[in-house]
Amino acid sequence: MKRPLHTLFFILSVIFICPRLTHAAEFDHNYSAFSATLHSHVENGMVDYQSIKTTPIELNNILKNWGKVSKNEFNTWNEQQQLAFLFNLYNGATIKLIVEHYPVDSIKDIGGFFKGPWDQDIVQLFGEIITLDHLEHQILRKQYDEPRLHLALVCAAKGCPPLRSEAYTAESFDTQLDDQIKQLLKNQLKFKIDQTNKKVYLSPIFKWYGDDFIAKYSPTAGFDDLSTRDKAVINYISKHLPKNEKLFLRTGSYTVKHLSYDWSLNKQ
């Protein structure tokens, strides 16, 4: 029996077109759309929240699509792919949180006494809605041994590491994180060495989360008279400093101080 032409066309479309659609739907680990959004709205770590608020659909669609990623699919990715995804998700959700409450002078203005900004249900992950705190402390810090996450997650404050004008990717993962610490160390409001008075000033990020660096970055020698936490943090930092500063830090003959944190919004 002859098949109608429309039936033959349907069969051929299933054979030839559907595989292409499946391929097209594969997750974009280059994060092209998110990078384009960041490039358009972020400059030198400062964000144009007003322009995003005017046309939020672009960011909302990106986050919505990420929220469709299943746990099973996520588990097939390598660790750097997983971390890049979660870093981008945290930063994208933080931008969304600010945009939804903009104008504000600080992220700390969002929420109330019992439910602050990091306790808001804002992150779409594996078909659920979770908080930024849950993503950072229950997933990233508990499930991964990667203390450099504290250089990647940006809490919309000037005291944070700078928000990049590009997404994190597995391909550029280490290069991007190396650049993050280099940018932080260039900022005297976040890091400073006073060799004359034998003092080293660190961002309070390394006070709050310095223990996360101990397992990976504790030195085998040097950095005498420092706490276990400070030894690990300064050993990590020293790898990204000039030789003379690196040698000074290894002596440990100085006092570690922590700078104040600027919670004002990182807005343009």
Side-chain angles (χ1 to χ4, degrees), residues 22-39 42 58-97 118-156 160-184 205-206 208-217 232-233 236 239-240:
T22 301
H23 178 75
E26 288 181 358
F27 189 83
D28 176 19
H29 286 284
N30 290 321
Y31 297 94
S32 304
F34 190 46
S35 279
T37 297
L38 293 172
H39 184 74
V42 180
E58 186 178 78
L59 177 62
N60 289 342
N61 284 340
I62 290 169
L63 294 173
K64 183 178 180 180
N65 287 333
W66 292 351
K68 295 177 182 177
V69 172
S70 70
K71 182 67 172 175
N72 288 337
E73 179 183 3
F74 180 82
N75 287 337
T76 66
W77 301 347
N78 64 45
E79 183 171 299
Q80 290 191 337
Q81 288 176 326
Q82 292 180 1
L83 286 170
F85 173 76
L86 295 175
F87 290 175
N88 291 328
L89 179 60
Y90 185 98
N91 291 339
T94 300
I95 294 172
K96 177 179 171 66
L97 178 67
W118 298 281
D119 302 313
Q120 306 295 314
D121 295 323
I122 193 73
V123 184
Q124 301 176 63
L125 179 64
F126 308 143
E128 299 180 349
I129 306 294
I130 63 173
T131 67
L132 290 166
D133 255 3
H134 185 91
L135 175 54
E136 179 178 5
H137 303 298
Q138 301 303 316
I139 297 177
L140 280 165
R141 293 183 68 205
K142 279 195 173 181
Q143 299 179 22
Y144 299 90
D145 183 18
E146 181 48 89
R148 295 179 300 171
L149 70 92
H150 300 298
L151 303 169
L153 305 186
V154 180
C155 62
C160 294
L163 180 64
R164 301 183 70 81
S165 299
E166 63 181 7
Y168 286 95
T169 66
E171 184 178 3
S172 302
F173 192 77
D174 288 320
T175 301
Q176 290 175 317
L177 289 176
D178 284 348
D179 184 59
Q180 285 295 99
I181 185 60
K182 289 175 184 176
Q183 294 301 318
L184 185 145
I205 290 172
F206 297 114
W208 301 331
Y209 304 116
D211 287 347
D212 291 0
F213 289 80
I214 291 173
K216 271 194 172 182
Y217 294 105
V233 167
Y236 165 68
K239 300 176 187 297
H240 302 278

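The figures that follow rest on heavy atoms only: side chains count, while hydrogens, waters and symmetry mates do not.
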field: Check against side-chain contact (heavy atoms from CB on, under 4.5 Å), Leu184 and Phe206
entry: CA-CA 12 Å; Leu184 185 145; Phe206 297 114; 4.1 Å; yes

- prompt: Run the side-chain contact (heavy atoms from CB on, under 4.5 Å) check on Ile95 and Leu38 step by step: do they pass?
  reply: CA-CA 10 Å; Ile95 294 172; Leu38 293 172; 4.0 Å; yes

query: Asn65 and Asp28: side-chain contact (heavy atoms from CB on, under 4.5 Å), yes or no, with the steps?
result: CA-CA 11 Å; Asn65 287 333; Asp28 176 19; over 6 Å; no

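Closest approach of Pro147 and Tyr217 over heavy atoms only: CG-CE1, 3.7 Å. Asn78 and Ala170 make their closest contact through OD1-CB, 4.5 Å (heavy atoms, listed as atom of the first residue, atom of the second, distance). Of all heavy-atom pairs spanning Val154 and Leu163, the tightest one is CG2-CA, 3.8 Å.
Within the 3.5 Å criterion, the main-chain N or O of Ala167 finds no donor-acceptor partner in the side chain of Asn91. When atom types are taken as modelled, the side chain of Lys96 and the backbone of Leu59 share no donor-acceptor pair closer than 3.5 angstrom. With hydrogens and angles ignored, the 3.5 Å screen pairs a side-chain donor or acceptor of Ser165 with a backbone N or O of Val42.
Within 6.0 Å of NZ on Lys64 lie no more than 12 heavy atoms contributed by other residues, nucleotides or ligands. Around NE2 of His39, the count of heavy atoms belonging to other residues, nucleotides or ligands within 6.0 Å does not exceed 12. More than 12 heavy-atom neighbours from other residues, nucleotides or ligands sit within 6.0 angstrom of NZ on Lys71.
With values rounded to the nearest 0.5 angstrom, Trp118 atom CH2 is found 9.5 Å from Glu136 atom CD. Distance CD/Gln143 to CG/Leu83: 10.5 Å, rounded to 0.5 Å. The line from CG of Asp178 to CZ of Phe173 is 10.5 Å long, rounded to the nearest 0.5 Å. Between atom CD of residue Gln80 and atom CD of residue Gln82 there is a gap of 11.0 Å, rounded to the nearest 0.5 Å. Put simply, OG on Ser35 and CG on Asn88 are 7.5 Å apart, with the number rounded to the nearest 0.5 Å. Taking CZ from Arg164 and CG from Leu151, the interatomic distance works out to 11.0 Å, rounded to the nearest 0.5 Å.
With sequence neighbours excluded, the residues satisfying side-chain contact (heavy atoms from CB on, under 4.5 Å) with Thr169 are Tyr31, Glu171, Ser172, Gln176.
Ring geometry, His240 versus Tyr236: the interplanar angle exceeds 60°, so the pair is classed perpendicular (tilted spans 30 to 60°).
With Phe34 as reference, Trp66 is the one residue of Phe85, Tyr168, Phe87, Trp66 to meet the ring-ring contact (aromatic ring centres under 6.0 Å, His included) rule.
A 4.5 Å side-chain heavy-atom check between Leu149 and Leu86 finds every atom pair outside the cut-off. The closest side-chain heavy-atom distance from Leu153 to Leu135 is not below 4.5 Å.
Applying the salt bridge (charged side-chain N to carboxylate O under 4.0 Å, His left out) test to pairs two or more places apart or on separate chains, none has a residue in residues 83-95.
A salt bridge links Asp212 and Arg141; the closest N-O separation between the charged side-chain nitrogens and carboxylate oxygens is under 4.0 Å.
Ring centroid separation for the pair His29 and Trp77 comes in under the 6.0 Å cut-off.
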Please report, to 0.1 Å, the donor-acceptor pairs under 3.5 Å made by any side chain of residues 120-129, with sequence neighbours excluded.
from	atom 1	to	atom 2	distance (Å)
Gln120	NE2	Lys115	O	3.1
Gln120	NE2	Gly116	O	3.0

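There is no side-chain donor-acceptor pair under 3.5 Å between Gln180 and Arg148.
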